[in-house]
Amino acid sequence: MANPLYDALFAIHENKQNSFIIDPLSGTSLSYGHFVKQTAQFANVISDAGLVPGDRLIAQVGKSVSALALYAGAVRSGVVYLPLNTAYTTTEVEYFLQDSGARLLVCDTVSEAGLTPICKDHNAAVSTLSTDGKTGTLIDLVNNASDSFKTVDRSADDLAALLYTSGTTGRSKGAMLTQNNLLSNAQALHKLWQFCDKDVLLHALPVFHTHGLFVATHVCLLAGAQLIFEPSFDTDRIIKLMPHATSFMGVPTFYTRLLDQKNFNNDLARHMRLFVSGSAPLLADTHTLFEQRTGHRILERYGMTETNMNTSNPYNGERRAGTVGFPLPGVEIKVTHLDSSAELPTGEAGQLEVRGPNVFKGYWNMPEKTQKELRDDGFFITGDIAQIDADGYVSIVGREKDLIISGGYNIYPKEIELVLDHQPGVTESTVVGVPHPDFGETVVGVLVGRKDSINIQQIEAAIAESLARFKHPRQIIVVDSLPRNAMGKVQKNVLREEYRHLFNSAK
Ligand code: MCA
Ligand code: AMP
């Protein structure tokens, strides 16, 4: 047997001296061979902690080489990797801990005190890793662990990762991703986007989501390319580093922020061969402006946590602004009628459905939810409204699911509405997304209640207690009543229209 994902991504680099992680500004670098040794040390620590193949490991840690080695160590030891947004509060983390039954939680040193009690309640061990990945109880163990490890055998259908993507009903759903889901997608993208060992990817995405952890990192590992591994997206640093890179991946906010910088120009981008955008819609204007400024046409692609990447604009061929290109090789898509599920003719907008080796195994502990969204014939109902034009280009034209995407992060209104509905004086609430010049979309909370009995500051404090900062409504508005259709359903589209200019000038 073997461990297909580990073998393809990491084992191939054993004892190789070529650079993997580089920092051109400080001149430091880490070789592939050294990184592979680190994966063995992390794998030893994970198995010495008593985790066996199939167990879940939660990592709520800063972006560092150690965090990447922890992920690789989990894959190598057959343990299911469960990364969490570092912005999640203790309340949110407790849900993931309880739902996943994780045996070990690795958290930032600063969050240890807050998270230890809930780990005790849920029989999970705690280990710490500093934001820069250099200290913490985990590192103390790693530094004393052997740098050789017998990689655990895994099959292509075994789980490699569990990524939570919040649910429209408010409860986050754990997307079960197998070794082959991840490997097949990485291989398709590596080929399609022509990554090779001469590439240097400027990596500024978080590594607790699919885009940064799988799409960006896996294509580089398959290609033996180098990574400039930035802890976060800092526009000034990106501008300084870009002349040293060949490729860049980001959410639309990365691109609009770069375009806001006068000194971001074609000279900076002259070494670049590829700019990729995804996770949220890239406005056609941004695509056009970017080409005018740099001479590069951004390659937009479309994916989901449940499916990794589904479609991509071509590497060679027209990268059509406002579209997400064509299905990846091996991926099938169809657009179906929202009610009858009958396939619609070309050009008509409807539910986008996806089938292929990239489509997840289902939702963790949610067989009924899985049954509803993953058809028996293997097609996955995305909740995105799309249309395919006469040339075969796919456009995402809307969402059937109640979802706000802010700076590439997914926000599910239901989760916030559940908190708002329980606030003193609030008789009902609704949460909508409205355009935002920096984040693309942002959150607005609309409350019904007597103005004199609603305390906005108190409500904001309650939200801060239970929800990550990025989910907080940027504005809370109190109204007498909510617009409803004949069925009595709140008309969120009416509210989106009413408040669409709320943040026009905000930058
Ligand atoms: C930070 N804040 C945010 C966001 N990020 N608020 C709303 N939406 C956000 N996305 C908060 C901060 O906590 C801070 O709060 C305040 O906003 C201002 O922070 P700022 O400095 O402007 O933000 P930042 O720290 O620079 O972060 C913005 C960012 C970041 C760089 C765009 O959000 C980011 O890296 N997004 C990438 C997300 C991603 O990787 N998505 C891929 C998901 P305070 O008020 O306390 O200061 S995977 C996916 O979608 C599918 C699979 C796919 O197709 O890829
Ligand atoms: P996630 O919950 O992280 O899996 O987010 C996946 C969702 O992000 C998709 O269902 C789409 O709604 C959205 N998305 C991802 N890429 C794009 C894109 N290029 N254009 C429009 N929406 C996108």
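One-based numbering, in listed order, for ligands and for the atoms of each.
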Verify the distance criterion only: is there a donor paired with an acceptor across the side chains of Thr246 and Asp199 at less than 3.5 Å? yes
Looking only at heavy atoms, what is the nearest atom pair of Tyr81 and Ala67, with distance? OH-O, 3.8 Å
No-hydrogen, no-angle side-chain donor-acceptor test under 3.5 Å, Thr178 and Asn180: no
Option nearest atom 18 (C) of ligand 2 (shortest heavy-atom distance, choices Ala386, Gly440, Ala175, Ala280): Ala280
Angle class for the Phe470/Tyr409 ring planes (parallel below 30°, perpendicular above 60°, tilted otherwise)? tilted
Do any N or O atoms from the side chain of Tyr255 and from the backbone of Phe290 form a donor-acceptor pair under 3.5 angstrom? no
Can you confirm whether the side chains of Gln351 and Glu400 place a donor and an acceptor under 3.5 Å from each other? yes
Who gets closest to atom 5 (O) of ligand 2 by heavy atom: Asn310, Leu163, Asn410? Asn410
Check if His211 has a non-hydrogen atom at a distance under 4.0 Å from any atom of ligand 2. no
Proximity of Arg399 to ligand 2 by residue part, where a heavy atom lies under 4.0 Å: side chain
For ligand 1, the residues whose heavy atoms come within less than 4.0 Å (ordered by chain, then number): Leu205, Pro206, His209, Thr210, His211, Phe233, Val251, Thr253, Phe254, Arg257, Ser279, Arg301, Gly303, Met304, Thr305, Met309, Ser406, Gly407, Gly408, Tyr409, Phe439, Arg469, Phe470, Arg474
Side chain of Gln475, backbone of Val444: donor and acceptor closer than 3.5 Å? no
Verify the distance criterion only: is there a donor paired with an acceptor across the side chains of Arg273 and Tyr315 at less than 3.5 Å? yes
If you have a sec, work out which protein heavy atom is nearest atom 4 (O) of ligand 2 and how many Å separate them, to one decimal? Thr305 N, 2.5 Å
Please classify the Thr165 to ligand 2 contact at 4.0 Å (heavy-atom distances, strictly less than): side chain, backbone, both or neither. side chain
If only side-chain N and O atoms count, and only distance matters, is there a donor-acceptor pair under 3.5 Å linking Glu306 with Tyr363? yes
Thr217 and His203 side chains, donor-acceptor separation under 3.5 Å: yes
Near Glu300 (heavy-atom distance under 4.0 Å), the atoms of ligand 2 are 18 (C), 19 (N), 20 (N)
Met304 heavy atoms within 4.0 Å reach ligand 2 at atoms 4 (O), 6 (C), 9 (C), 10 (O)
Look at the aromatic rings of Tyr393 and Phe326 and report parallel, tilted or perpendicular, splitting at 30° and 60°. tilted
Would you check if Arg301 and Thr311 make a side-chain contact, meaning some heavy-atom pair closer than 4.5 Å? no
Region of Ser279 engaging ligand 2 - heavy atom pairs below 4.0 Å: backbone
Got the closest protein heavy atom to atom 9 (C) of ligand 2, with its distance? Asp384 OD2, 3.4 Å
Of all protein heavy atoms, the one nearest atom 19 (N) of ligand 2 is Arg301 O, 2.8 Å
Taking atom types as modelled, find out whether Ser312 and Trp193 have a side-chain donor-acceptor pair closer than 3.5 angstrom. yes
Just need the protein heavy atom nearest to atom 21 (C) of ligand 2, so name the residue and atom and give the distance. Pro281 N, 3.5 Å
Heavy-atom distance to atom 15 (C) of ligand 2: which of Gly383, Gly303, Ser277, Gly278 wins? Gly303
Heavy atom of Lys401 under 4.0 Å from ligand 2? yes
Any nitrogen or oxygen of Tyr302, main chain or side chain, under 3.5 Å from a nitrogen or oxygen of ligand 2? no
Does Ile405 approach ligand 2 within less than 4.0 angstrom via side chain, backbone, both or neither, non-hydrogen atoms only? side chain
Looking at Asp389 and Gly392, would you say the former's side chain and the latter's main chain have a donor-acceptor pair under 3.5 Å? yes
